[in-house]
There are 2 protein chains.
Amino acid sequence: MKKNQSKISIKDIAQELGLSITTISFIINKKAKNRISDEVIQKVEAYIEKVGYKPNSAAQSLRTGKTKTIVFMVEDISDPFFSSVAKEMEKLAFDSGYKIIFCSTDNKKSRAIELISMFKDRQVDAYIITPPEDFQDEIEQLVSENQIVMLFDRFYRDADYNYVVLNNYGSTKRAVEYLKNQGFKNIAYVGLKTELSTLTDRFDGYKEAVREANRENLSLLISFDDVKSEVGNKQFEEFLELHPEIDAILFATNNLAITGLKILKKKNIQIPEDIGVITFDDRDLFELHAPAITVMSQPITSLAKEVISGTLKLLKRKHSIQDKIQIVLDGELIVRKSS
Amino acid sequence: MKKNQSKISIKDIAQELGLSITTISFIINKKAKNRISDEVIQKVEAYIEKVGYKPNSAAQSLRTGKTKTIVFMVEDISDPFFSSVAKEMEKLAFDSGYKIIFCSTDNKKSRAIELISMFKDRQVDAYIITPPEDFQDEIEQLVSENQIVMLFDRFYRDADYNYVVLNNYGSTKRAVEYLKNQGFKNIAYVGLKTELSTLTDRFDGYKEAVREANRENLSLLISFDDVKSEVGNKQFEEFLELHPEIDAILFATNNLAITGLKILKKKNIQIPEDIGVITFDDRDLFELHAPAITVMSQPITSLAKEVISGTLKLLKRKHSIQDKIQIVLDGELIVRKSS
DNA sequence: CTGAAAGCGCTTACAG
DNA sequence: CTGAAAGCGCTTACAG
């Protein structure tokens, strides 16, 4: 009883009970129905329970080629949006017997390539990927190797992959229309200079909304790497000075909003009296801010559920040539004082 | 060239080059020195490079008993403190050939037990654990099974395990002394009702600091589960009403501070005029808050580095009976407007 | 209803 | 300096 339990193998059990390893294996894998007598099943299951036997997963992987592992490659696991999704996903995956390995690309293509190459050695069963810029060739390569790939947060409009994303276009349009209905006239958009669908869709949604309202397109696009730097701060300041007519701003990401709020505070601009504010992604920061910030919140739990259930569905499929899983969810507008 | 590269095995290479798999294996594992001729080594390495061969990790694991996997069991991966540490750890571990699996216990003992049992099947090489309450027996069990265990963020003062933690006692004492020097008289402590060393050490540091200053112990301890609920809010409000003399508050965790700041705002209490504020853990929220909040920040990068380098050191050891790795790091006081 | 045996892809003690 | 072979712990096609 005091022996190291991880040393018990199927062979030990077979020997102990006077059965073959075949029989034990069938019972463990629930493939015993109509093959093994109930009496034997009972005896084996009781024994397994008693000694706390757990199959060696390395041996199973070697034999079956499956590792029961899913990689979740995000932009940045310390970003509250991704870490919240990760937490929800983790539990769902564990409950289905899969473990998840998280990794961050920092939106760097080179890092993402490194990571994928590393995980190929480890033979993971599926990839959930938040691709960085200019990454479609790598995704295509992975798919062509018959790997299971699920895109998350961003996708490629012209390609037929599996994905779970927000309705960025519609959610942004809705946010702008809300600001318009609140009486704001000159609504600006502060976004990222990037080809990622998440951001281009948001920008398109904004442009369409102002076009429909016959208003001017007042937009500033900042490079990803500049957002948290002085360069980004300066660009935003200059943008405000160049367009004194702006009376509301839609920030396309929570990091942009944080940068923007700092500058607005520094310039002593009152929210919402001088400028109304709304941003993507809810964070407790926005709720606690004075004034509290209106947000277009992403449905974290639903996104996580769709990603995992979609990926598990793909893992169960026999052929990869079936329909793609393509899910688009709407954001939720949470109105606070800033607008 | 277009063949599925994951199908290449050591056997294929041996056959192709007219060598034995032994030779190939030695070269792959850098054990070829003084055994294999340089000429052969060169030839094999070139071929491996050319075909992009990667060893099958399941087979390696089965053979060696090592999985090159580390589990990092945190309280909550969506908490900014843990996700920031996780991100730093991830890179360091990957660079050493280890992958990390994150999981959250939500400070629930039952969940933590489930997770450990699950990872035992997977035979991970090491456990980095942020134990929930009343978990010492489980840690002891794991250690007695010769598993590699590294405690993080919290530890057991009376037991000799490996750990990397903050100097919670000293850092809290320093924070209180700073408030005292700023002229605050009645400094309150808002903490958690728990036996976790992190929190008891912080509370002890506070108590010692007020004792030395001949001031009263003004403290409120809230249950972990109540922090983000109405119960916690009410407890904090009542505490303030009961002690109108309080002119400064030290929050022991960032979540407590968020709750507290919401209430202070609601009650229209001015910071720092009416009450000075300082909290543990830095978050951009605190920097952006009006006024910006003074924090006792944890050295995320150093903590992550110590945890990983310590764990890797343990993994390299032959005998588990050597000295424990026990690291204590100081917090950094970042002074802002709130104090 | 049950079992003997091959084989997944490695590592390494042993032999030469 | 190089190789034949055992064995890690499973799963499963095949035989009875």
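In what follows, every chain begins at residue 1, and chains take the letters A, B, ... in the order their sequences are listed.
Across B:L115 and B:S104, no two heavy atoms sit closer than the pair CD1-O, 3.7 Å.
Rounded to whole Å, the distance from NZ on A:K11 to C1' on C:dA4 is 14 Å. Atom CD1 of B:I36 and atom P of D:dT2 are 5 Å apart (whole Å). Regarding B:R63, its CZ atom lies at a distance of 8 Å from the P atom of D:dC8, rounded to whole Å. In this structure, A:Q15 places its CD atom 13 Å from P of C:dG3, rounding to the nearest Å. Following rounding to the nearest Å, B:K43 (NZ) and D:dT2 (C1') show an atom-to-atom distance of 12 Å. Regarding B:I41, its CD1 atom lies at a distance of 12 Å from the C1' atom of D:dT2, rounded to whole Å. In this structure, B:I27 places its CD1 atom 10 Å from P of D:dG3, rounding to the nearest Å. When the C1' atom of D:dT2 is taken as reference, atom CZ of B:F26 falls 10 Å away, rounded to whole Å.
Remark: the backbone N or O of A:I21 is not paired with any side-chain donor or acceptor of A:S25 at under 3.5 angstrom. For B:T64 (side chain) and B:K66 (main-chain N/O), a donor-acceptor pair under 3.5 Å exists by modelled atom type.
Exactly one residue among B:Y161, B:F155, B:Y156 makes a side chain to side chain contact (heavy atoms under 4.5 Å, CB included) with B:P131. That residue is B:Y156.
Closest to the side chain of A:I10, from the set D:dC8, D:dT11, D:dG3, is D:dT11. Among C:dC10, D:dC10, C:dG3, the nucleotide with an atom closest to any side-chain atom of A:L19 is C:dG3. Taking only side-chain atoms of A:P55, from C-beta outward, the nucleotide of D:dG3, D:dC10, C:dT11 with the closest atom is D:dC10. For A:S9, whose side chain is taken as the heavy atoms from C-beta onward, the closest listed nucleotide among D:dC10, D:dT11, D:dA5 is D:dC10.
In this structure, B:V40 and B:L62 both approach DNA chain D, and ranking their closest nucleotides by distance from the 5' end singles out B:V40. Positionally, the nearest nucleotide of DNA chain D for B:D38 lies more toward the 5' end than for the other of B:D38 and A:I28.
Using a 4.0 Å cut-off, no side-chain N or O of B:Q60 falls inside it from OP1 or OP2 of C:dG9. In this structure, B:Y53 does not reach the C:dG9 phosphate: none of its side-chain N or O atoms is under 4.0 Å from OP1 or OP2. Contact check, A:T23 against C:dT2: no side-chain N or O comes under 4.0 Å of OP1 or OP2. Checking the phosphate oxygens (OP1, OP2) of D:dC8, no side-chain nitrogen or oxygen of A:N56 falls inside 4.0 Å. Between B:S20 and the phosphate of D:dG3, there is a side-chain N or O to OP1/OP2 separation shorter than 4.0 Å.
Counting non-hydrogen atoms under 4.0 angstrom, A:S37 reaches the backbone sugars and phosphates but no base.
Side-chain atoms of A:D125 and A:T67 form a donor-acceptor pair, as typed in the model, at a separation below 3.5 Å.
At least one side-chain heavy atom of A:I128 sits less than 4.5 Å from a side-chain heavy atom of A:I70.
Pair assignment for D:dA15 gives C:dT2, based on Watson-Crick or G-U wobble hydrogen-bonding distances that are each under 3.5 Å.
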